[in-house]
Amino acid sequence: MLIRTATAEDWPAIWAFLRRIVAAGETYTYPRDLDEGRAREIWMLEPPSRTVVATDPDGTVLGSAKMNPNHMGPAAHIAGASFMVAPEHGGRGVGRALGEHVLDWARAEGYKAMQFNAVVESNTRAVALWRSLGFEVIGTVPKAFAHPANGYVGLHIMHRFL
């Protein structure tokens, strides 16, 4: 698997799975009817932030991550990130590889910690992955996420020092 900076040519592949994941309404706080233009603005970040893709040897985009300062000013030393893996490529270690890549990037950029602001508590695979990479749930906003099948569930705030 190769992880590299996302290019404009990668956007159609990213949009294909981002659109499905967001429309499902199970893991992201984005509007379920998010249009492509707004999605691209949100996901394809400009430096000093970064968006990457994970590809297989034939160049197929398996997943993507975006990384950025989580806060501004005197709290700009805390990084944030978001991840999406194409559902058909789940269970192959793509999320873990992207998570490790993002943590390495944040360390190299001088961040002191990373914080995820809204990990849906019913997204148990993601919660387990982030815990395995050293993140802790430092708080949960109760019933903050309207899950289409589970009703109102919490949003975890997850954190780890770098």
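Source: prediction; values computed, not measured.
- The minimum heavy-atom distance linking Phe17 with Pro87 is given by the pair CB-CD, 4.0 Å.
- A salt bridge is absent between Arg38 and Asp35: the closest approach of a Lys/Arg side-chain nitrogen to an acidic carboxylate oxygen does not fall below 4.0 angstrom.
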Criterion side-chain contact (heavy atoms from CB on, under 4.5 Å) on Val137 and Ile157, from CA distance to verdict: CA-CA 6 Å; Val137 175; Ile157 301 166; over 6 Å; no
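- Summarising the geometry, atom CH2 belonging to Trp11 is positioned 5.0 Å from atom CG belonging to Leu18; distances are rounded to the nearest 0.5 Å.
- Heavy-atom neighbours of Glu136 CD from other residues, nucleotides or ligands within 6.0 Å: at or below the threshold of 12.
- Atom NE2 in His77 sits 10.5 Å away from atom CG in Leu162 (nearest 0.5 Å).
- Salt-bridge formation is not detected for the pair Arg32/Glu26: no Lys NZ or Arg NE/NH1/NH2 atom is positioned less than 4.0 Å from an Asp or Glu carboxylate oxygen.
- The two atoms that bring Leu98 and Gly63 nearest to each other are CD1-C, 4.0 Å, heavy atoms only.
- Between the side chains of Asn117 and Gln115, at least one donor N or O sits under 3.5 Å from an acceptor N or O.
- Of the possible donor and acceptor atoms, one in the side chain of Lys66 sits under 3.5 Å from a partner among the backbone N and O of Ile42.
- Counting heavy atoms from C-beta on, the side chains of Arg160 and Leu103 come closer than 4.5 Å.
- Under the 4.5 Å side-chain criterion, counting only non-hydrogen atoms from C-beta, Leu45 is not in contact with Arg50.
- Closest of all the heavy-atom pairs between Gly154 and Thr140 is CA-CG2, 3.9 Å.
- The CE atom of Met158 lies 9.5 Å from the CG atom of Leu133; values are rounded to the nearest 0.5 Å.
- Within a 6.0 Å radius of CZ in Arg19, more than 12 heavy atoms belonging to other residues, nucleotides or ligands are found.
- In this structure, Ala6 and Ile14 approach most closely via the heavy-atom pair CB-CD1, 4.4 Å.
- Donor-acceptor pairing under 3.5 Å is recorded for the side chains of Trp43 and Ser64.
- When side chains are defined from C-beta on, Met1 counts as touching Val94, because their heavy atoms get closer than 4.5 Å.
- Put simply, Phe83 and Leu129 are part of the same group of oily side chains (I, L, V, M, F, W, Y) that touch within less than 4.5 Å, one to the next.
- Shown here for Ala81 and Phe116, the closest heavy-atom pair between the two residues is O-CD2, 3.7 Å.
- Counting heavy atoms from C-beta outward, Leu155 and Thr29 have side chains that approach closer than 4.5 Å.
- Across every non-hydrogen atom of Val120 and Val153, the tightest pair is CG1-CG2, 3.7 Å.
- Residues His101 and Val52 form a side-chain contact, since some pair of their non-hydrogen atoms from C-beta on lies under 4.5 Å apart.
- Checked by atom type and distance alone, the side chain of His147 pairs as donor or acceptor with a backbone atom of Ala149 at under 3.5 Å.
- Side chains of Arg4 and Val53 form a contact here, defined as non-hydrogen atoms less than 4.5 Å apart.
- Here the side chains of Leu62 and Val85 are not in contact, with every heavy-atom distance at 4.5 Å or above.
- Between atom NE2 of residue His159 and atom CG of residue Asn70 there is a gap of 9.5 Å, rounded to the nearest 0.5 Å.
- The ring of Phe161 has its center no closer than 6.0 angstrom to the ring center of Phe135.
- We find the NE2-OG1 distance between His89 and Thr60 to be 6.0 Å, quoted to the nearest 0.5 Å.
- Not less than 6.0 angstrom separates the ring centroid of Phe145 from the ring centroid of Tyr152.
- Side-chain contact between Arg96 and Ser132 is present, with at least one heavy-atom pair separated by less than 4.5 Å.
- Atom CG of residue Asp104 and atom CD1 of residue Ile3 lie 9.0 Å apart, to the nearest 0.5 angstrom.
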